*Asks:* 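Below is one structure. I have some questions about it.
From a predicted model like this one, the values you see are computed outputs, not experimental measurements. All chains are named by letter (A, B, ...) in the order of the sequence lines, taking the proteins before the strands, and each is independently numbered beginning at 1.
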2 protein chains.
Amino acid sequence: MVTEGKVCECKDCIVRSLIFEHVSSEELGTFCNTKREQFFKKGQIVVKQGDPIADFVYVKEGLVKLYNEAGQGREQIISIARPYDFISLLTVFSETHYHYSVSAIEDTTVCIINLERIKELVCENGSFALDLLERMSRTADKLIKNYNDINLKNLRGRIAYILLNFADKIYLRNRFDLPVSRKEIAELIGMTTENVIRILSEFRKEGIIRINGKEIEILDKAKLEFLSQHA
Amino acid sequence: MVTEGKVCECKDCIVRSLIFEHVSSEELGTFCNTKREQFFKKGQIVVKQGDPIADFVYVKEGLVKLYNEAGQGREQIISIARPYDFISLLTVFSETHYHYSVSAIEDTTVCIINLERIKELVCENGSFALDLLERMSRTADKLIKNYNDINLKNLRGRIAYILLNFADKIYLRNRFDLPVSRKEIAELIGMTTENVIRILSEFRKEGIIRINGKEIEILDKAKLEFLSQHA
DNA sequence: AGGTTGCTATGATATTTATCATGTTATGAT
DNA sequence: ATCATAACATGATAAATATCATAGCAACCT
């Protein structure tokens, strides 16, 4: 984990207020002295699988992917995280080394807090502890639901699902640039690269989407929703 | 959730000491007054998806399955939980209704604590809060790893994997009675019932296992381990 | 004890998905 | 601007998995 970075200009950081709404001004001041921001360009590694865990990290701005390097150069993408999502939440309290890697898929700024500080705050502030339990609970639940949803779908359903996810959850519009390659989409939803390309081409031929390189425009959202639900 | 049950005879409950090792005798006394045990016969439902969440539940003795009723009468089994595993951990802090059902797959005793009491303890006792974060973190991490492992395997690898899981993690021996049907195995590892039956038959013909109805004996563990890793 | 339902088992066939090969285009480095 | 590499795209074929059908056995209910 890169340890340099300037101290957070806290008054501009809306992420902080969402996370630490139960923290008093005094406690907040303490954090401001130690919290750091780090900027990563698209493609850079934020957290490396196997590195010792020292920090609590969350996304302030940008987009990252969480992935598992499964051996033989293979990757499995676990999720794509955006602002307000925690990155390392699921392992930092139970392991000494990161189980996943995190890298930026768009230019990204993360906030970094020493994990010991977080643990101290958990011990001192019950409301904060409960809030953290809630966020961890929600993150885990979402992942499980996602895994189960994906596993029930055929290949067309999966592509429909992920396109709708980009449109409705990440970019909030029907026209966007994919932040990842076809290969990475395959790693995220458990297909091969060629099949991702084929299904996207089918959707283009069927007039469901328009493709211009990385740029995707959804033309028939109702059809995508149908495919996502009934596949 | 069934609400009747006799008060816990705490001195016999080794589960309690594992979970609440940071709790003082005074706090423990408070819990003893409110914690309840409930017995469920194989097949009975412990927690029903959609029911409002009021309790914190864990397995004292026996075996349960966590499952998602996915519509059209279909189930997806998320995991099998045994003593010391939490059952409802992943949703109780972030939702108002259970996202999963839980039912006993062997005769099972669970301990039940009112969730508000747990939340109060989280607020009062920082060490307990940290311990709970660690357990939740570990549970979630295990599930994610399991999903990712399973998704990389073909059908023979999945059957090998689940048989080894029963042998090494649940029954701690190479000969055991399956606690679930072939259909439920299919729901756990994402296959069809017929394929589970076929692969088990293949393993029997290849001399890898011996099958006697629900009773399974592993004859060639090295082969199973190989199949689990290279499929 | 008998009947009903669910589970197990096997065979045949259909469908889905992966793999391999080849060519084109885009991107990044020099 | 050029070259090399990676990504995208398409076609053909193989492999894996699901589906459908049928029969026998086990478990549960009356």
*Asks:* Residues in side-chain hydrogen bond (donor to acceptor under 3.5 Å, both in side chains) with B:Thr193, at least two apart?
*Replies:* none
*Asks:* Does B:Ser201 reach the main-chain N or O of B:Ile197 with its side chain, forming a donor-acceptor pair under 3.5 Å?
*Replies:* yes
*Asks:* For A:Arg204, give me all partners under salt bridge (Lys or Arg N to Asp or Glu O under 4.0 Å), at least two apart in sequence or on another chain.
*Replies:* none
*Asks:* Run the salt bridge (Lys or Arg N to Asp or Glu O under 4.0 Å) test against A:Asp149 and tell me which residues pass, sequence neighbours left out.
*Replies:* A:Lys145
*Asks:* Which residues, if any, of residues 192-207 of chain B bring a heavy atom under 4.0 Å of DNA chain D?
*Replies:* B:Thr192, B:Glu194, B:Asn195, B:Arg198
*Asks:* Under the salt bridge (Lys or Arg N to Asp or Glu O under 4.0 Å) rule, what pairs show up with a residue in residues 93-108 of chain B, not counting sequence neighbours?
*Replies:* A:Arg138-B:Glu95
*Asks:* Using a strict threshold of under 4.0 Å (side-chain N to carboxylate O), is an ion pair present between A:Arg198 and A:Glu202?
*Replies:* no
*Asks:* Using a heavy-atom cut-off of 4.0 Å to chain A, what are the terminal contacting nucleotides of DNA chain C, in 5' to 3' order?
*Replies:* C:dT17 to C:dC20
*Asks:* Using the test ring-ring contact (aromatic ring centres under 6.0 Å, His included), find all partners of A:Tyr67 that sit at least two apart in sequence or belong to another chain.
*Replies:* none
*Asks:* May I ask you to decide if B:Gly207's main-chain N or O and B:Lys223's side chain share a donor-acceptor pair within less than 3.5 Å?
*Replies:* no
*Asks:* Shoot me the first and last contacting nucleotide of DNA chain D against chain A, ordered 5' to 3', at under 4.0 angstrom to non-hydrogen atoms.
*Replies:* D:dC8 to D:dA12
*Asks:* For B:Tyr171, what residues pass the ring-ring contact (aromatic ring centres under 6.0 Å, His included) criterion, not counting sequence neighbours?
*Replies:* B:Phe176
*Asks:* For A:Lys214, which residues count as a side-chain hydrogen bond (donor to acceptor under 3.5 Å, both in side chains) partner, sequence neighbours excluded?
*Replies:* none
*Asks:* How would you list, by chain and number, every residue that makes a ring-ring contact (aromatic ring centres under 6.0 Å, His included) with A:Tyr147, sequence neighbours excluded?
*Replies:* B:Tyr147
*Asks:* How sharply is the helix from C:dA1-D:dT30 to C:dT30-D:dA1 bent, taking the axes over five pairs at either end and rounding to 10 degrees?
*Replies:* 60°
*Asks:* Take B:Thr96 and B:Ile53, measure what side-chain contact (heavy atoms from CB on, under 4.5 Å) needs, and give me the verdict at the end.
*Replies:* CA-CA 5 Å; B:Thr96 55; B:Ile53 298 175; over 6 Å; no
